[in-house]
Amino acid sequence: QVQLVESGGGLVQTGGSLTLSCTASGSFFSIDTMGWYRQAPGKQRELVATIRSGNSTNYADSVKGRFTISRDNAKNTVYLQMNSLKPEDTAVFYCNAAVRPRSTTTVKYRYWGQGTQVTVSS
């Protein structure tokens, strides 16, 4: 089983910054893509950013130029540096990881963290 634990959420004013972290633990062989998603009240969960094991990244248009995703493979940790935050960034942010459980399989399983609240005040 794999657990993802997020941290770093909180309350910040418009234009401020926050850094989210998510660490994977448990028994597995490797982690491929890690990413951040968010869900605002009354809205569907949406992709924020993803990063593959080779460090190629993908961002939602709404966060390009403001957010930076990175990872430390040795620590099984993914980060999301969020700058120039806006009230519309207010949401619960979820970490996601595609995990390969054993070296004998190429099948990957997706896991989710419990979510961390980010609130941006105007």
Side-chain angles (χ1 to χ4, degrees):
Q1 192 60 277
V2 176
Q3 297 81 40
L4 300 178
V5 178
E6 300 122 331
S7 62
L11 174 64
V12 65
Q13 291 186 332
T14 297
S17 298
L18 282 174
T19 300
L20 306 182
S21 300
C22 171
T23 299
S25 63
S27 177
F28 52 88
F29 175 69
S30 65
I31 303 175
D32 187 4
T33 302
M34 301 186 82
W36 291 95
Y37 294 70
R38 66 186 179 186
Q39 187 167 18
K43 295 187 177 181
Q44 289 190 332
R45 190 173 298 188
E46 62 176 5
L47 180 146
V48 175
T50 60
I51 183 167
R52 300 199 66 175
S53 56
N55 287 326
S56 61
T57 59
N58 179 54
Y59 293 93
D61 288 342
S62 59
V63 306
K64 283 181 181 177
R66 300 189 298 123
F67 291 10
T68 301
I69 190 170
S70 61
R71 65 191 285 172
D72 185 331
N73 291 328
K75 296 181 179 180
N76 295 320
T77 298
V78 62
Y79 306 95
L80 186 69
Q81 173 67 45
M82 304 185 292
N83 299 325
S84 302
L85 283 161
K86 307 174 182 180
E88 51 264 43
D89 294 316
T90 295
V92 178
F93 281 69
Y94 295 92
C95 174
N96 178 270
V99 177
R100 186 175 163 192
R102 297 174 300 278
S103 62
T104 54
T105 180
T106 57
V107 175
K108 302 180 186 70
Y109 298 91
R110 296 187 72 184
Y111 293 89
W112 292 93
Q114 80 286 354
T116 185
Q117 177 70 46
V118 171
T119 302
V120 185
S121 63
S122 57

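Just so you know, residue 1 is the first one in the sequence shown, and it goes up from there.
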Enquirer: Tell me the closest heavy-atom pair linking A24 and L4, and the distance in Å.
Expert: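 The pair with the smallest heavy-atom distance is CB-CD2, 3.4 Å.
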Enquirer: Does a donor on one side chain sit under 3.5 Å from an acceptor on the other, for N55 and R71?
Expert: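 No pair is found: no donor N or O on one side chain lies under 3.5 Å from an acceptor on the other.
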Enquirer: Does a side chain donor of either Q13 or S121 reach within less than 3.5 Å of an acceptor in the other side chain?
Expert: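 Per modelled atom types, Q13 and S121 side chains form no pair under 3.5 Å.
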Enquirer: When hydrophobic residues are tied together by side-chain contacts of less than 4.5 Å, even through go-betweens, does F93 share a cluster with Y79?
Expert: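 No, F93 does not connect to Y79 through the hydrophobic network.
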Enquirer: Given side chains that start at C-beta, do those of T116 and V92 come closer than 4.5 Å, heavy atoms only?
Expert: no
Enquirer: Does S25 form a side chain to side chain contact (heavy atoms under 4.5 Å, CB included) with Q1? I'd like the steps, not just the answer.
Expert: CA-CA 8 Å; S25 63; Q1 192 60 277; over 6 Å; no
Enquirer: Within the structure provided, determine whether M82 and L20 are in side-chain contact (heavy-atom separation under 4.5 Å).
Expert: yes
Enquirer: Do V63 and V118 share a hydrophobic cluster, counting only Ile, Leu, Val, Met, Phe, Trp and Tyr and linking them when any side-chain heavy atoms are less than 4.5 Å apart?
Expert: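 Linked, V63 and V118 end up in one cluster.
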Enquirer: Less than 4.5 Å apart, side chain to side chain, heavy atoms only: is that true for T90 and E88?
Expert: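 When only atoms from C-beta onward are counted, E88 and T90 do not touch, as no gap falls below 4.5 Å.
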Enquirer: Could you check whether S17 and N83, counting side-chain N and O atoms only, form a donor-acceptor pair closer than 3.5 Å?
Expert: yes
Enquirer: With the 4.5 Å side-chain cut-off for hydrophobic clustering, are L85 and Y94 part of the same group?
Expert: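 In one cluster: no.
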Enquirer: Within the supplied structure, the quantity of interest is the number of heavy atoms (other residues, nucleotides, ligands) at a distance under 6.0 Å from F29 CZ; does it exceed 12?
Expert: yes
Enquirer: Tell me whether E6 contacts the main-chain N or O of S21 through its side chain, where contact means a donor paired with an acceptor under 3.5 Å.
Expert: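 Between the backbone of S21 and the side chain of E6 there is no qualifying donor-acceptor contact (under 3.5 Å).
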Enquirer: To the nearest 0.5 Å, what is the distance between OH (Y37) and CG (L80)?
Expert: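 Here the interatomic distance stands at 12.5 Å.
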Enquirer: If you look at every heavy atom in A91 and Q39, which pair is closest and at what distance?
Expert: CB-O, 3.5 Å
Enquirer: Evaluate side chain to side chain contact (heavy atoms under 4.5 Å, CB included) for K86 paired with R66, printing each intermediate quantity in order.
Expert: CA-CA 10 Å; K86 307 174 182 180; R66 300 189 298 123; 3.8 Å; yes
Enquirer: Hydrophobic clusters here meaning ILVMFWY residues chained together by side-chain heavy-atom distances under 4.5 Å, can you tell me if W36 and V12 are in one?
Expert: yes
Enquirer: Would you say R45 has more than 12 foreign heavy atoms packed within less than 6.0 Å of its CZ?
Expert: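 For R45, atom CZ is crowded (more than 12 foreign heavy atoms under 6.0 Å).
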Enquirer: Is T33 close to I51 at the side-chain level, that is, under 4.5 Å between some pair of heavy atoms?
Expert: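 A side-chain contact is absent here, since even the closest heavy-atom pair is not under 4.5 Å.
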Enquirer: Do F67 and V48 have side chains that approach each other closer than 4.5 Å (heavy atoms only, starting at C-beta)?
Expert: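 Yes. Closest side-chain heavy atoms under 4.5 Å.
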Enquirer: When rounded to the nearest 0.5 angstrom, what distance separates CG in D89 from OG in S62?
Expert: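 Between D89 CG and S62 OG, I get 7.0 Å after rounding to 0.5 Å.
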Enquirer: Under 4.0 Å between a Lys/Arg side-chain N and an Asp/Glu carboxylate O for K64 and D61?
Expert: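 Yes, this pair counts.
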Enquirer: According to a hydrophobic-cluster definition based on side-chain heavy atoms being under 4.5 Å apart (Ile, Leu, Val, Met, Phe, Trp, Tyr only), do M34 and L47 belong together?
Expert: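 In one cluster: no.
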Enquirer: Any donor-acceptor pair under 3.5 Å linking the side-chain atoms of T23 with those of T77?
Expert: yes
Enquirer: For the residue pair C95 and V78, establish whether any side-chain heavy-atom pair is separated by less than 4.5 Å.
Expert: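 Answer yes - side chains close enough.
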Enquirer: For residues S27 and V2, report the shortest heavy-atom separation together with the two atoms involved.
Expert: O-CG2, 4.2 Å
Enquirer: Search all heavy atoms of P101 against all heavy atoms of V99 and return the closest pair with its distance.
Expert: CD-O, 3.5 Å
Enquirer: Considering non-hydrogen atoms only, spot the tightest contact between R100 and T105 and give its length.
Expert: NE-O, 2.6 Å
Enquirer: Between Q117 and T119, do the side chains contain a donor N or O and an acceptor N or O under 3.5 Å apart?
Expert: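 Yes, Q117 and T119 have a side-chain donor paired with an acceptor closer than 3.5 Å.
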Enquirer: Considering all heavy atoms of both residues, which atom of S122 and which atom of P87 are nearest to each other, and what is their separation?
Expert: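 Heavy atoms of S122 and P87 come nearest at CB-CG, 3.9 Å.
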